[in-house]
Structure formats: structure tokens, C-alpha cells
Amino acid sequence: MARGFVDVQGVADQVLAKTGTLRRPNGYAVDIEAILRTYSHFDNMFAARVLMPKASILEAWRATKGVGRCAHLLEVSTEAAGYRLRELQLI
């Protein structure tokens, strides 16, 4: 696969496998909502990692020990901070 291109069939297969949705006989992935939910999750993951690198979130967590205070310190939403802290298994 060339750089900059997306393997659409591969992505569709991954999404369909995660959701348990079968591919239609014509071969097309039709569960658009599942695809959008998956990409939304990747967007949130990417944003959380960019805005809150591991070292920064660890330092903020050690200093505050509270999701709200940690979020305030890092100037992100409480939801975003909670997501990143759960991802790092700190809460």
C-alpha cells in the first residue's frame, strides 16, 4: 500500500469484525454508523494523545489526584482528561 492511501476494504473488514456485522453478498460494507463510531473513537484517541502526552498527564495526575483538577491544569475538558487517564490505567 502506498503512503497516504487508506485500505478501505481492510478498514471496513476491521469495523465489521468489531461490530459483528456481516458483509453484504455484494461485498460492500454497509454499516456506516459503525464506521463513523470507529473513526470518532480514533479522533478522540489522537486528540487526547496530542493534547496530553503521557509525561504531561502523569505529572498533572501526580500533582492533583483528581480528574477535574487535572483537566483544569492541562486546560482540557474533564471528559478528555478522564479518557486519557483511563487509557493509561490511572483511574
Side-chain angles (χ1 to χ4, degrees):
M1 179 172 21
R3 186 175 184 177
F5 291 91
V6 174
D7 176 11
V8 175
Q9 185 171 348
V11 170
D13 287 339
Q14 289 174 4
V15 170
L16 293 173
K18 286 180 184 179
T19 63
T21 304
L22 297 176
R23 187 180 285 278
R24 291 244 172 140
N26 63 10
Y28 292 111
V30 294
D31 193 348
I32 300 301
E33 289 180 2
I35 292 169
L36 292 174
R37 281 193 305 273
T38 299
Y39 277 114
S40 174
H41 174 72
F42 290 138
D43 290 348
N44 291 339
M45 242 176 35
F46 178 76
R49 290 176 181 176
V50 168
L51 295 172
M52 296 171 281
K54 187 175 182 178
S56 298
I57 192 87
L58 288 173
E59 184 179 342
W61 180 249
R62 286 185 194 117
T64 63
K65 294 293 186 204
V67 177
R69 293 184 302 253
C70 188
H72 180 74
L73 185 64
L74 294 170
E75 298 179 1
V76 298
S77 70
T78 303
E79 182 181 357
Y83 175 85
R84 186 69 167 127
L85 290 165
R86 280 188 297 281
E87 182 183 45
L88 294 171
Q89 299 178 342
L90 296 170
I91 59 171

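Sequential numbering from 1 along the given sequence is applied to the chain's residues.
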After noting the C-alpha distance and the side-chain angles of Arg49 and Arg84, does the key distance pass the side-chain contact (heavy atoms from CB on, under 4.5 Å) rule?
CA-CA 7 Å; Arg49 290 176 181 176; Arg84 186 69 167 127; 3.8 Å; yes

ILVMFWY network linking Leu85 to Leu51, side-chain heavy atoms under 4.5 angstrom
yes

All heavy atoms of Val50 vs all of Pro53, minimum pair found to be O-CD, 3.8 Å

If you count every heavy atom of other residues, nucleotides or ligands that lies below 6.0 Å from Lys65 atom NZ, does the total exceed 12?
yes

Rounded to the nearest 0.5 Å, what separates atom CE in Met52 from atom CD in Glu87?
9.0 Å

Do the side chains of Leu90 and Val76 join up, straight or via other hydrophobic residues, at under 4.5 Å, putting them in one cluster?
yes

Arg69 side-chain N/O to Thr64 backbone N/O, donor-acceptor pair under 3.5 Å
yes

Any chance you could measure Thr78, atom OG1, to His72, atom NE2, to the nearest 0.5 Å?
10.5 Å

Go through the steps for Ile57 and Leu74 under the test side-chain contact (heavy atoms from CB on, under 4.5 Å), then give the verdict.
CA-CA 8 Å; Ile57 192 87; Leu74 294 170; 3.4 Å; yes

Here the pair of heavy atoms bringing Ala71 nearest to Ala81 is CB-CB, 3.6 Å

Tell me, do Trp61 and Val67 make a side-chain contact under 4.5 Å, heavy atoms counted?
yes

As an exercise, state the distance from CG of Leu88 to OH of Tyr83, rounded to the nearest 0.5 Å.
10.0 Å

